[in-house]
Amino acid sequence: MALIEIRNLHASVDGKDILKGVDLVIEPGKVHALMGPNGTGKSTLSNIIAGRDGYTITDGDILLNGQSLLEMEPQDRALAGIFLSFQYPVEIPGVATSTFLKAAINARRRAAGEGEIDAMEFLKLVKAKAKELGVRDDMLKRPVNVGFSGGEKKRAEVLQMALMTPRFAILDETDSGLDIDALKVVADGVNALRSPDRSFLVITHYQRLLSYIVPDVVHVFAGGRIVRTGGPELAEELEAKGYADYTGAAA
Amino acid sequence: MAATDSTAQTVKELERYKYGFETNIETELAPKGLNEDIIRFISAKKEEPEWLLEWRLKAYRQWLTMTEPTWANVRYPAIDFQDAHYYAAPRQKIAPKSLEEVDPELLRTYEKLGIPLREQEALAGVAVDAVFDSVSVATTYKKRLEEMGVIFCAISEAVKKYPDLVRKYLGSVVPPGDNFYACLNSAVFTDGSFVYVPKGLRCPMELSTYFRINEKNTGQFERTLIVCDDGAYVSYLEGCTAPQRDENQLHAAVVELVALDDAEIKYSTVQNWYPGDAEGKGGIYNFVTKRAACRGRNSKVMWTQVETGSAVTWKYPSCILQGENSVGEFYSVAITNNHQQADTGTKMIHIGKNTRSKIISKGISAGHSDQTYRGLVRIQPGADGARNFTQCDSLLIGDQCGAHTVPYIETKNPTARTEHEATASRISEDQLFYCLQRGLNPEDAVGLIVNGFCKEVLQTLPMEFAVEAQKLVAISLEGSVG
């Protein structure tokens with residue numbers, strides 16, 4: 001069975017149609033890339049999958065393991081295994097990153113009927129993962145995303161992903177604001193999480209990221225829906241020719 | 001709303017204020033009403049000396065000439081001061097001389113509140129004075145403190161045992177006629193704590209008073225006096241709770257602090273009086289006068305308050321910075337939810353040279369509540385080189401609540417410098433969604449974000465209470481989102 005299935009999804013914001021019939025099927029273990037021009041609804045799609053308020057679903061459905069997500073609260077979707085790595089991770093002043101991580105881990109443990117994580121166990125776990133991703137210890141003590149550089153924010157997102165162990169992860173423009181070294185670290189982090197029962201949707205503008213996170217399937221997104229699907233070679237074609245062929249579809 | 005939802009909501013309501021229970025204990029009450037005979041009754045019950053009775057009566061006569069203040073940004077029906085008992089005490093056969101003799105029902109009450117009074121079970125390093133309605137029922141670690149020269153006891157006991165000290169300082173910071181509620185308190189105050197730390201001693205234990213209103217139709221009028229002699233230090237914490245009731249009860253306290261040369265007092269409050277229900281019914285009126293005199297050179301007073309309870313709060317812990325180089329600090333977290341109202345802040349009066357003050361206020365309003373920060377910084381002509389820094393941040397949750405900031409800055413000395421920063425913001429949708437996406441439920445998310453917002457203040461609390469305060473912050477905001 002598909003891990004994620006999006007059927008004919010239509011959605012609008014303030015009466016304006018943004019998604020106009022998205023169909024997408026992602027099998028377990030697969031990495032799909034979603035590429036396309038700016039302002040065509042890619043981030044809207046990721047927000048809707050994660051359950052953000054403010055969108056009206058006018059038609060269609062989103063299924064995780066055959067079960068509709070549409071009636072579920074954002075936190076329940078998260079606990080069911082949906083993870084969104086944000087394009088612009090928000091700052092939470094005064095809340096240490098480690099405190100935030102602990103709260104997120106404990107939310108999962110509570111949902112699984114387990115007790116809260118032991119302080120030592122938590123530290124060991126976080127420090128080990130942080131080291132793998134080049135996240136320095138002092139970042140864990142700093143407030144969530146406050147004063148983080150672009151690269152630090154994205155690394156922190158991937159660290160969260162590693163700790164949340166999602167079934168389905170969406171990376172929304174994770175490459176934006178990253179220099180090439182940071183990009184490699186982040187890509188390595190994502191690649192380390194690839195597994196037969198975990199799927200990814202990598203949203204990006206450029207082919208660059210896809211040289212490091214090699215997708216199984218590439219989609220072109222324009223005008224509120226998927227207009228073309230192919231293999232990794234499609235990303236290279238887009239890199240060479242740009243989105244000019246598709247901007248017409250947006251109109 | 002589905003039946004199951006409303007049941008769940010009811011259960012939640014009950015859990016929200018877990019201190020709302022009532023202790024069933026036989027109580028001795030003064031007749032309802034307020035007059036000179038009642039004051040004589042209280043004074044006689046406390047076996048007070050003649051001078052104190054006179055002091056009370058003088059205050060009462062002055063109070064009769066005063067009118068209730070109406071300048072605060074709070075609204076409540078007129079209080080009938082004749083419709084309350086001004087003295088309520090658990091009936092005990094003999095006055096307990098030690099903890100072993102205290103009524104077990106009272107010990108159980110405090111245990112339920114999370115304040116074990118038996119020393120072997122108590123928090124190590126924290127001595128507690130437990131005030132139940134109008135009387136102090138127990139004080140822990142009294143002996144150990146006495147051996148070090150620290151006096152920590154009920155103020156009614158101090159009146160008998162240390163009359164000179166009490167007489168010297170009582171009313172010296174907040175004179176009886178200071179304001180309507182302070183004056184009322186001076187006439188009818190019942191119990192509270194007295195602390196004296198002798199010269200040069202850093203009190204190694206946290207001192208703490210736990211106030212509990214239990215009896216209905218009563219007011220609580222506590223009086224606390226803390227004196228820190230030259231070079232001494234003390235950290236003191238008060239906590240307060242009351243049963244959940246539909247009626248409003250008045251709590252009008254006076255707290256006076258005196259810091260002499262090089263002395264330092266750290267005074268922390270976790271105020272969790274019953275706030276009333278979700279519709280604004282019931283709850284405590286918390287009309288309190290708290291003031292510190294930094295009399296000595298280099299003296300320092302630090303007020304930290306976490307205000308989450310009470311239906312209406314009217315409270316401005318202040319510092320009179322008299323001694324040269326003296327320092328006053330005020331750290332406040334005030335949370336109002338549902339129909340709570342709070343008008344709170346501080347006053348920093350700079351009199352001595354090079355005096356410094358710092359004000360950090362974090363106000364969080366949710367539900368239909370209304371909150372005002374009101375702060376005065378006054379620099380007197382002689383206060384050369386005085387400095388003040390004020391930061392007031394307000395956070396709003398939802399669109400039915402209010403937050404107001406009313407700073408008063410009066411500078412009469414050109415060398416002084418004052419700074420005032422203020423912000424008002426909302427919990428952003430982005431922050432909330434970010435937390436939810438990581439699996440936190442809305443209430444935990446708000447608790448986390450608000451605790452982050454208050455961190456600067458919460459970290460000034462003694463460690464033993466900081467964790468408790470964090471939980472309280474989260475609990476107070478339950479039901480404010482979603």
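A, B, ... follow the sequence lines: proteins, then strands. Residue 1 opens every chain. Owing to the predicted nature of the structure, the values given are computational and were not obtained by experimental measurement.
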Counting only heavy atoms not in A/D197, do more than 12 sit closer than 6.0 Å to its CG atom?
-> yes

Atom CZ of A/R109 with >12 non-hydrogen neighbours under 6.0 angstrom = yes

Report the option among A/A50, A/G54, A/G94 that has the most heavy-atom pairs separated by less than 4.5 Å from atoms of chain B.
-> A/G94

If one checks every heavy atom of A/E91 against chain B at 4.5 Å, the contacting part turns out to be backbone

Counting heavy atoms not belonging to A/D53, are there more than 12 under 6.0 Å from its CG?
-> no

Using non-hydrogen atoms and a 4.5 Å limit, figure out which bit of B/C454 sits close to chain A: side chain, backbone, both or neither.
-> neither

Under 4.5 Å heavy-atom distance to chain A, tell me which part of B/Y434 shows up: side chain, backbone, both or neither.
-> both

Less than 4.5 Å apart, any side-chain heavy atom of B/N451 and any of A/V95?
-> no

At their closest point, which heavy atom of B/Q437 faces which heavy atom of A/R108, and how far apart are they?
-> O-NH2, 4.4 Å

Does A/E121 CD have over 12 foreign heavy atoms under 6.0 Å away?
-> yes

Verify the neighbour count for atom CD of A/E114: are there more than 12 heavy atoms of other residues, nucleotides or ligands below 6.0 Å?
-> yes

When every non-hydrogen atom of B/G439 is compared with those of A/A78, the smallest separation belongs to N-CB, 3.6 Å

Which portion of A/F83 sits near chain B, non-hydrogen atoms under 4.5 angstrom = both

Which atoms of A/I82 approach chain B - backbone, side chain, both or neither, heavy atom under 4.5 Å = both

A/F86 and B/F433 aromatic ring geometry - parallel, tilted or perpendicular at 30°/60° bounds | perpendicular

With side-chain contact (heavy atoms from CB on, under 4.5 Å) as the test, would you mind laying out the steps for B/E429 and A/R52 before giving the verdict?
-> CA-CA 9 Å; B/E429 288 292 317; A/R52 186 166 189 151; 3.9 Å; yes

Does NZ in A/K30 sit with more than 12 non-hydrogen atoms of other residues, nucleotides or ligands closer than 6.0 Å?
-> no

Name the region of A/D76, side chain, backbone, both or neither, that has any atom closer than 4.5 Å to a heavy atom of chain B.
-> neither

Highest number of heavy-atom pairs under 4.5 Å with chain B among A/L84, A/T99, A/I92 belongs to A/L84

From CG (B/L432) to CD (A/Q75), nearest 0.5 Å | 9.0 Å

Closest heavy-atom pair, B/R438 versus A/A104, reported as atoms and distance to 0.1 Å, is O-CB, 3.5 Å

Could you look at A/P89 and say if it's the side chain, the backbone, both or neither that has a heavy atom under 4.5 Å from chain B?
-> both

Pick one of side chain, backbone, both or neither for B/D444, based on which atoms fall under 4.5 Å of a heavy atom in chain A.
-> side chain

